[in-house]
Amino acid sequence: MRATQSLLVKSFLERSFDELKRRSSIAWNLDAVKGPSGPRELYDFHSADSVSSCIVMSDKLIGGSSASHLDLIPSSSASSPPHARFYGHISTSLPSDRLAIQRTGYAAFRTPDQPPTVFGRSVWDIDPYSYLALRVKSDGRAYYVNVQTESVEPTDLHQHRLFAKRPGQWETVLIRWNDFVRTNHGFVVEPQTEILRQRVYSVGIGLTDRVEGPFELCIERVWATNQTEETGTTQETQQGQLKNRKGEKMQW
């Protein structure tokens, strides 16, 4: 006998009760005044459901030839927890039957839309935190972290380079929430607006370097934190791939 989907996923009332407990805890512990007592888990990739629920994309949506996949890799040792493997192949070939398409070569994934509660659409309120933290193992390619929030333009994304210092090894990457740049369809938009930290919808990772060949990035979890002891911050000034509409590259 197999459990139905409704039994596998938290019910509307359960999610609403969890959200009520979270809000009550913030008020009771005076987090807004004293600051949060610890980091806040946003998403982990420890189960088949958490991985299969993510949205995986590539330029195949517009006729391109890039391929992207997201699979669960079970734990093999204490130093290798269960995680998601984001992998595939980047191709810059243009579709022969769509002459309007002049640019291909990208792949991405993001966390799923959060289910609603009695309080409305579920969001992550990360306002008490300074950093987004990601536990990753990178191949060293130029990945971007994409954050979607409530915005006037639904297609806006806040982006920042994922600067991995130890390719091929597990590491924690920290990014200041205030350092994300608002973009639309890959271009930096002006005027810039601060990320709406009270209403974060999803977090994802994309590869848009347009370098042909295979790619692989492993990710174990994502969380909000104020702690910087493990790896320090990622505030080096480096040149990324993002450009404004004048074609000028951004400096991080």
Side-chain angles (χ1 to χ4, degrees), residues 9-10 12 15-16 18-27 29 31-32 35-46 49-51 53-57 70 84 86 108-136 143-163 172-186 188-189 191-206 217 219-228 233-235 242 252:
V9 181
K10 280 189 175 182
F12 177 80
R15 293 194 304 270
S16 300
D18 288 345
E19 179 64 10
L20 177 61
K21 287 196 299 182
R22 187 188 71 81
R23 295 185 181 204
S24 299
S25 176
I26 292 174
N29 295 321
D31 284 358
S37 57
R40 182 183 178 188
E41 195 82 13
L42 299 183
Y43 202 85
D44 68 56
F45 300 87
H46 295 168
D49 284 345
S50 66
V51 173
S53 296
C54 291
I55 292 88
V56 183
M57 300 157 278
L70 191 70
F86 176 51
F109 77 90
R110 69 170 177 87
T111 57
D113 295 331
Q114 299 174 69
T117 70
V118 71
F119 299 99
R121 178 173 182 175
S122 295
V123 295
W124 291 318
D125 181 356
I126 48 82
D127 193 47
Y129 301 94
S130 298
Y131 299 96
L132 173 67
L134 306 96
R135 188 68 177 169
V136 300
Y143 296 93
Y144 277 90
V145 179
N146 304 319
V147 175
Q148 185 181 21
T149 68
E150 188 174 86
S151 178
V152 175
E153 292 292 337
T155 52
D156 278 353
L157 285 178
H158 285 81
Q159 296 186 294
H160 195 284
R161 269 286 302 275
L162 180 67
F163 289 122
T172 299
V173 176
L174 299 172
I175 305 172
R176 289 185 183 274
W177 289 107
N178 285 344
D179 287 348
F180 279 89
V181 176
R182 187 167 71 97
T183 68
N184 194 288
H185 295 294
V188 177
V189 294
Q192 281 290 304
T193 56
E194 186 174 334
I195 189 170
L196 187 58
R197 292 159 60 161
Q198 295 88 354
R199 300 191 63 80
V200 175
Y201 292 157
S202 69
V203 175
I205 293 177
L217 180 135
I219 179 166
E220 188 244 331
R221 62 192 182 101
V222 181
W223 69 100
T225 184
N226 288 318
Q227 300 172 354
T228 62
T233 62
T234 56
Q235 300 307 307
L242 282 181
W252 298 107

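Quick caveat: nothing in here was measured; it's all calculated off a predicted structure. Just so you know, these numbers use all the heavy atoms, side chains as well, and skip hydrogens, waters and symmetry mates.
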Flag side-chain contact, heavy atom, 4.5 Å: F163 against I175 = no
request  = Calculate, to the nearest 0.5 Å, the distance between atoms OG1 and CG belonging to T111 and L42 respectively.
outcome  = 8.5 Å
ask   = Are any non-hydrogen side-chain atoms of F109 and I55 less than 4.5 angstrom apart?
value = no
ask   = In Å, rounded to the nearest 0.5 Å, how long is the span from CG of L134 to CG of L162?
value = 6.5 Å
remark   = Interatomic distance, CG@D156 vs CZ@R182, rounded to 0.5 Å, equals 4.5 Å
request  = With side-chain contact (heavy atoms from CB on, under 4.5 Å) as the test, would you mind laying out the steps for I195 and V147 before giving the verdict?
outcome  = CA-CA 9 Å; I195 189 170; V147 175; 3.7 Å; yes
inquiry  = Are Y43 and F45, when compared by the centres of their aromatic rings, separated by less than 6.0 Å?
reply    = yes
ask   = Would you say R110 and C54 make side-chain contact, with heavy atoms under 4.5 Å?
value = no
key: From H160 atom NE2 to W177 atom CH2, the distance as rounded to the nearest 0.5 Å   = 12.0 Å
Residue pair T228, Y131: steps toward the side-chain contact (heavy atoms from CB on, under 4.5 Å) verdict = CA-CA 8 Å; T228 62; Y131 299 96; 3.1 Å; yes
ask   = How about L132 and L174: do any of their side-chain heavy atoms sit closer than 4.5 Å?
value = no
task = Report yes if the side chains of Q114 and W124 come closer than 4.5 Å at any heavy-atom pair, otherwise no.
result = yes
key: Close side-chain approach of V136 and V173, heavy atoms under 4.5 Å   = yes
query = What do the steps show when you test D125 against R199 for side-chain contact (heavy atoms from CB on, under 4.5 Å), and what is the final call?
reply = CA-CA 6 Å; D125 181 356; R199 300 191 63 80; over 6 Å; no
remark   = For V145 and F180, the nearest pair of non-hydrogen atoms, with its separation, is O-CE2, 3.8 Å
ask   = Do any N or O atoms from the side chain of R221 and from the backbone of D44 form a donor-acceptor pair under 3.5 angstrom?
value = no
note = Smallest heavy-atom separation, V123 atom then R40 atom, equals O-NH2, 4.4 Å
key: Contacts of T149 that satisfy side-chain hydrogen bond (donor to acceptor under 3.5 Å, both in side chains) - sequence neighbours left out   = none
query = Any side-chain heavy atom of I219 sitting closer than 4.5 Å to one from I205?
reply = yes
key: Side chain to side chain, H185 and T155, heavy atoms closer than 4.5 Å   = yes
message = So, applying side chain to side chain donor-acceptor pair (under 3.5 Å) with T183, which one of Q192, Q159, H158 is it?
response = Q159
